[in-house]
Visitor: 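Structure provided below as structure tokens; questions to follow.
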Amino acid sequence: MSDLPSSPVSCKSPRVTIVGAGRVGSTLAQRIAEKNLADVVLLDIVEGMPQGLALDLLEARGLELHNRQISGTNNYADTANSNIVVITAGFPRKPGMSRDDLLKINAKIVVEAAKNAIAHSPHAIFIVVTNPLDVMTYLTWQVTGLPRNQIMGMAGVLDSARFETFIALELGVLPADVKAMVLGSHGDLMVPLARYATVNGIPITELLDAEKIEQLVQRTRNGGAEIVELMHTGGAFFAPASATSLMVESILLNQSRLLPVAAYLQGEYGLNDVVIGVPCRLGCGGVESILELTLNDTEKAALQTSANSVSNNIKRAQEILSNIGDW
Ligand SMILES: NC(=O)C1=CN([C@@H]2O[C@H](COP(=O)(O)OP(=O)(O)OC[C@H]3O[C@@H](n4cnc5c(N)ncnc54)[C@H](O)[C@@H]3O)[C@@H](O)[C@H]2O)C=CC1
Ligand SMILES: O=C([O-])CC(=O)C(=O)O
């Protein structure tokens, strides 16, 4: 083949680094590559594992009809100049544990991952997945020093997809026709907004009685634990990877989707200096705006309770990190 002069159009592919090549991380790599969104770098502390996963995914490229580069590494230098860094590194919970029980063990891992990743990709947008989600997202914002639009956590898209699934199962309708928003923290105090849930525009309050809606709300709050209890070893990863890839897609393709995202608040919803799930417009700038929905008194109180719990856990995490001299 003979080379012709290069084109003025950039052929550079966007690059997404995934720190933590476990179940969520590796499934996310597959989703991003197979949706043809970006090249992917998988990084893990376990030697050989991300390299092996990357090779396996590369060997599927011809079959899945895409040509994205996928590499595995144990070295942050190989993640340089990523457009997006997703942090999934850390431990998943076991049956009987809450997500907050992971705070101590995962805080150190996430802080280290964020510091190392930003050193090589100073302009990246960070999406945090590791639990407890809202606290880990706050720590990432704090240690990277990035503006708040570049830091976000994935939880609301997943929790909303679960709420939508349970509504669709109850009504026997197509899940894609159900639209719902779950705000607040990613834990037992999350705030599913039943009042705003619809089936193709029809409020679910017209289709289901209050007792049934409350059952679906409770199942949503317990959605992660339901899977952890069934699986015994680790938690959900297919739907979490789909939810994260949706956020990656909205950013890379500048889609401006309005999604529930864990964001750093500065007065929105009357909340300050806390990360919590709120409706955000996601585009190439990351969190481009935060929508302040009108909430009734019950919803407002639930969001405040959720935020108070996250704030207390942020303080706990900061104390733990200063005690181990990692702050
Ligand atoms: N935000 C959400 O909605 C969801 C959050 N999660 C959370 O995501 C995290 C990952 O879950 P899974 O993938 O199922 O766990 P996993 O155990 O399959 O994978 C975690 C990976 O992190 C790696 N790791 C540990 N320390 C590291 C470090 N210092 N640097 C780089 N990599 C490191 C491990 O070697 C492992 O491969 C957990 O904390 C889990 O609770 C999971 C599902 C949904
Ligand atoms: O429940 C867990 O531990 C994992 C998670 O956050 C979820 O699936 O929502």
Side-chain angles (χ1 to χ4, degrees), residues 17-30 41-54 72-76 78-79 85-117 127-137 139-140 152-163 165 182 184-188 190 192 219-247 259-262 275-277 310 326:
T17 282
I18 302 170
V19 184
R23 294 204 275 194
V24 177
S26 57
T27 312
L28 176 63
Q30 180 185 10
V41 183
L42 268 171
L43 182 144
D44 204 282
I45 38 162
V46 179
E47 283 183 22
M49 187 263 262
Q51 291 85 345
L53 287 166
T73 184
N74 309 110
N75 183 348
Y76 279 91
D78 297 329
T79 69
V85 173
V86 182
I87 301 181
T88 72
F91 288 84
R93 62 177 158 158
K94 297 194 171 83
M97 289 172 76
S98 78
R99 295 179 181 91
D100 290 343
D101 293 335
L102 298 168
L103 191 142
K104 190 171 177 187
I105 198 163
N106 282 347
K108 193 173 164 19
I109 294 174
V110 167
V111 163
E112 179 197 289
K115 280 183 184 169
N116 283 323
I127 304 177
V128 181
V129 177
T130 308
N131 276 316
L133 187 274
D134 308 272
V135 181
M136 297 302 126
T137 307
L139 296 179
T140 302
M152 66 196 81
M154 186 290 290
V157 177
L158 172 65
D159 296 327
S160 304
R162 287 185 174 142
F163 193 24
T165 299
V182 177
S185 60
H186 186 51
D188 301 340
M190 70 179 68
R219 189 169 179 197
T220 303
R221 289 207 178 101
N222 195 47
E226 185 178 355
I227 292 177
V228 170
E229 297 297 330
L230 285 167
M231 301 210 328
H232 296 292
T233 51
F237 57 99
F238 290 122
S242 295
T244 313
S245 84
L246 195 85
M247 292 168 68
L259 301 169
V261 167
V275 165
I276 203 157
V310 175
D326 221 6

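Note that ligands are numbered from 1 as they come in the structure, with each ligand's atoms numbered from 1 the same way.
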Visitor: Ligand 2 versus Leu158, non-hydrogen atoms closer than 4.0 Å: side chain, backbone, both, neither?
Guide: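 Side chain only.
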Visitor: What residue and atom, counting heavy atoms only, is the protein's closest point to atom 1 (O) of ligand 2, and at what distance?
Guide: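 Result: Arg93 NH2, 2.7 Å.
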Visitor: Mark yes or no for whether Asp134, through its side chain, and His186, through its backbone, hold a donor-acceptor pair below 3.5 Å.
Guide: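 Side chain of Asp134 to backbone of His186, a donor-acceptor pair under 3.5 Å: yes, one is there.
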Visitor: For Asp159, which part has a heavy atom under 4.0 Å from ligand 1: side chain, backbone, both, or neither?
Guide: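 For Asp159, there is no contact with ligand 1 at all, from either part.
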Visitor: Enumerate the atoms of ligand 1 whose separation from the nearest heavy atom of Glu112 is less than 4.0 angstrom.
Guide: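 That gives atoms 29 (N) of ligand 1.
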Visitor: Please check this pair: side chain of Thr88 against backbone of Val19, looking for a donor-acceptor N/O pair closer than 3.5 Å.
Guide: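 The answer is yes, because a donor-acceptor pair under 3.5 Å joins these two groups.
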Visitor: Do any nitrogen or oxygen atoms of Val129 come within less than 3.5 Å of a nitrogen or oxygen of ligand 1?
Guide: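 In this structure, Val129 places an N or O atom under 3.5 Å from an N or O of ligand 1.
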Visitor: Heavy atom under 4.0 Å from ligand 1: found in Ala89's side chain, backbone, both, or neither?
Guide: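 Looking at Ala89 and ligand 1, atoms from backbone and side chain both fall under 4.0 Å.
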Visitor: Mark up the atoms of ligand 1 that fall under 4.0 Å of a heavy atom belonging to Pro240, in ascending order.
Guide: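 By the 4.0 Å cutoff, the relevant atoms are 43 (C), 44 (C).
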Visitor: Quick one: look up the protein heavy atom nearest atom 3 (O) of ligand 1 and list residue, atom name and how far away it is.
Guide: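 Here the closest protein heavy atom is His186 NE2, 3.0 Å.
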Visitor: Out of curiosity, Leu133 CG to Ile276 CD1, how far, rounded to the nearest 0.5 Å?
Guide: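 Answer for the CG-CD1 pair, Leu133 versus Ile276, is 11.0 Å.
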Visitor: Does Gly235 have a heavy atom less than 4.0 Å from any atom of ligand 1?
Guide: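 No, Gly235 has no heavy atoms under 4.0 Å from ligand 1.
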Visitor: Which residue and atom name correspond to the protein heavy atom nearest atom 4 (C) of ligand 2, and how close is it?
Guide: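 Residue, atom and distance for the closest contact: Asn131 ND2, 3.7 Å.
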Visitor: Taking distance alone, with no angle check, do Asn131 and ligand 1 share an N/O pair under 3.5 Å?
Guide: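 Yes - when backbone and side-chain N and O of Asn131 are compared with those of ligand 1, one distance drops under 3.5 Å.
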Visitor: Would you call Phe91 a ligand 1 contact, heavy-atom distance under 4.0 Å?
Guide: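 Heavy atoms of Phe91 do come under 4.0 Å of ligand 1.
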Visitor: Check whether any side-chain heavy atom of Asn74 lies under 4.5 Å from a side-chain heavy atom of Pro50, and answer yes or no.
Guide: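 Contact flag for Asn74/Pro50 side chains = yes.
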Visitor: Do Val24 and ligand 1 have an N or O pair less than 3.5 Å apart?
Guide: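 Min N/O separation from ligand 1 is below 3.5 Å for Val24.
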Visitor: First locate atom CE of Met154, then atom CG of Leu28, and finally report the distance between them rounded to the nearest 0.5 Å.
Guide: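 If we round to the nearest 0.5 Å, Met154:CE and Leu28:CG are 9.0 Å apart.
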Visitor: Below 4.5 Å, heavy atoms only, C-beta onward: do Thr130 and Ile109 meet side chain to side chain?
Guide: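 Result no, sub-4.5 Å side-chain heavy-atom pair not found.
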Visitor: Report the member of Asp44, Leu158, Leu53, Thr130 with the shortest heavy-atom distance to atom 34 (C) of ligand 1.
Guide: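 It is Asp44 that holds the nearest heavy atom.
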Visitor: Search all heavy atoms of Val228 against all heavy atoms of Gly235 and return the closest pair with its distance.
Guide: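 Of all heavy-atom pairs spanning Val228 and Gly235, the closest is CG2-CA, 3.8 Å.
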Visitor: I need the contact type for Arg99 against ligand 1. Using non-hydrogen atoms and a strict under-4.0 Å cut-off, is it side chain, backbone, both or neither?
Guide: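 Near ligand 1, Arg99 shows nothing, with every heavy atom at 4.0 Å or more.
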Visitor: When rounded to the nearest 0.5 angstrom, what is the spacing between CG in Leu158 and OG1 in Thr165?
Guide: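 It is 9.0 Å, given to the nearest 0.5 Å.
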Visitor: Examine ligand 1 and decide if any of its atoms is less than 4.0 Å from a heavy atom belonging to Met136.
Guide: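 No, Met136 has no heavy atom closer than 4.0 Å to ligand 1.
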Visitor: For the 3.5 Å polar cut-off, considering only N or O atoms, please tell me whether Met154 and ligand 1 meet it.
Guide: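 Yes; at least one N/O pair falls below 3.5 Å.
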Visitor: Among all protein non-hydrogen atoms, which one is nearest to atom 9 (C) of ligand 1, and what is the separation to 0.1 Å?
Guide: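 Protein heavy atom at minimum distance: Thr88 O, 3.6 Å.
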Visitor: Please round to the nearest 0.5 Å and tell me the distance separating atom CG of Leu139 and atom NZ of Lys115.
Guide: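 So the gap between those two atoms works out to 10.5 Å.
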Visitor: Can any side-chain N or O of Ser160 pair as donor or acceptor with the backbone N or O of Val182 at less than 3.5 Å?
Guide: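 Yes; at least one donor-acceptor contact below 3.5 Å.
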Visitor: Only heavy atoms of Ala236, strictly under 4.0 Å: list the atoms of ligand 2 that pass.
Guide: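 Within the 4.0 Å cut-off of Ala236, ligand 2 contributes 8 (O).
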Visitor: Could you tell me whether the side chain of Glu229 and the main chain of Gly224 form a donor-acceptor pair under 3.5 Å?
Guide: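 Answer holds: no.
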Visitor: Counting only heavy atoms, tell me which of Gly20, Gly90, Gly25 gets closest to atom 20 (C) of ligand 1.
Guide: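 The residue whose heavy atom sits nearest atom 20 (C) of ligand 1 is Gly90.
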Visitor: Report the distance from atom CD1 of Ile227 to atom CZ of Arg162, rounding to the nearest 0.5 Å.
Guide: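 Atom-to-atom, Ile227:CD1 and Arg162:CZ are 5.0 Å apart.
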Visitor: Using heavy atoms and a threshold below 4.0 Å, how should the contact between Ile45 and ligand 1 be classified: side chain, backbone, both, or neither?
Guide: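 Under 4.0 Å from ligand 1, Ile45 contributes backbone and side-chain atoms.
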Visitor: For ligand 1, is there an N or O atom under 3.5 Å from any N or O atom of Tyr76?
Guide: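 Tyr76 vs ligand 1: no N/O contact under 3.5 Å.
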Visitor: Would you mind running through ligand 1 and noting each atom that sits below 4.0 Å from a heavy atom of Leu133?
Guide: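 Counting atoms of ligand 1 from 1, those under 4.0 Å from Leu133 are 1 (N).
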Visitor: Taking only heavy atoms of Asn106, which atoms of ligand 1 are found under 4.0 Å from at least one of them?
Guide: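 So the answer, numbered in order with elements, is 39 (O).
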Visitor: Using a strict 4.0 Å cut-off to heavy atoms of Met49, name the atoms of ligand 1 that fall inside it.
Guide: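 What qualifies from ligand 1 is 37 (O).
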Visitor: Ala113: heavy atom below 4.0 Å from ligand 1, yes or no?
Guide: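 It does not, in that no heavy atom of Ala113 comes within the 4.0 Å cut-off of ligand 1.
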Visitor: Dump the intermediate steps for side-chain contact (heavy atoms from CB on, under 4.5 Å) on Arg99 and Asn106, then the final yes or no.
Guide: CA-CA 10 Å; Arg99 295 179 181 91; Asn106 282 347; over 6 Å; no
Visitor: For Ile109, take its heavy atoms, then give the atoms of ligand 1 lying under 4.0 Å from any of them.
Guide: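 Per the distance check, 26 (N), 27 (C), 28 (C), 29 (N).
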Visitor: Could you tell me whether some N/O pair between Arg162 and ligand 2 is separated by less than 3.5 angstrom?
Guide: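 Arg162 vs ligand 2: N/O contact under 3.5 Å present.
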Visitor: With heavy-atom distances below 4.0 Å as the criterion, list the atoms of ligand 2 near His186.
Guide: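 Selected atoms, number and element: 5 (C), 6 (O), 7 (C), 9 (O).
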Visitor: Tell me which part of Val46 gets within contact of ligand 1: side chain, backbone, both or neither, using heavy atoms under 4.0 Å.
Guide: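 Within the 4.0 Å criterion, Val46 contacts ligand 1 through side-chain atoms alone.
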Visitor: For ligand 1, find out whether one of its N or O atoms is nearer than 3.5 Å to an N or O atom of Arg23.
Guide: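 It does: an N or O of Arg23 is found under 3.5 Å from an N or O of ligand 1.
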Visitor: Atoms of ligand 1 less than 4.0 Å from Pro92 heavy atoms?
Guide: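 Answer for ligand 1: 15 (O), 17 (O), 38 (C), 40 (C), 41 (O).
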Visitor: Please name the pair of heavy atoms, one in Val310 and one in Ser185, separated by the smallest distance, quoted to 0.1 Å.
Guide: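 Of all heavy-atom pairs spanning Val310 and Ser185, the closest is CG2-CB, 3.5 Å.
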Visitor: Arg221 and Met190: which non-hydrogen atoms are nearest, and at how many Å?
Guide: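 Shortest heavy-atom contact: NE-O, 3.0 Å.
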Visitor: Can you spot which of Val261, Val275, Val128, Leu259 makes a side chain to side chain contact (heavy atoms under 4.5 Å, CB included) with Met152?
Guide: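 So the option named by the test is Val261.
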Visitor: If you look at every heavy atom in Ala241 and Val24, which pair is closest and at what distance?
Guide: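 In terms of heavy atoms, the two residues are closest at CB-O, 4.1 Å.
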Visitor: Could you tell me which atoms of ligand 2, counted from 1 in the order shown, lie closer than 4.0 angstrom to a heavy atom of Gly224?
Guide: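 Once the distances to Gly224 are compared, the set is 1 (O), 7 (C), 8 (O), 9 (O).
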Visitor: Looking at ligand 1, does Ala236 have a heavy atom less than 4.0 Å from it?
Guide: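 The answer is yes, since Ala236 has a heavy atom less than 4.0 Å from ligand 1.
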Visitor: More than 12 non-hydrogen atoms from neighbouring residues, nucleotides or ligands closer than 6.0 Å to CG on Asn116, yes or no?
Guide: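 Yes, because the 6.0 Å sphere around CG of Asn116 holds more than 12 heavy atoms from other groups.
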Visitor: Please report the shortest heavy-atom distance between Val110 and Thr140, naming the atom on each side.
Guide: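 So the minimum-distance heavy-atom pair works out to CG1-OG1, 3.5 Å.
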Visitor: Testing the basics here: between Ala21 and Ser26, what is the closest heavy-atom pair and its distance to 0.1 Å?
Guide: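 Nearest pair, atom of Ala21 first, then Ser26: O-CB, 3.9 Å.
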Visitor: Considering only the protein, which heavy-atom contact is closest to atom 19 (O) of ligand 1, and what is its distance?
Guide: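 Going by distance alone, atom 19 (O) of ligand 1 is nearest to Gly22 CA, 3.2 Å.
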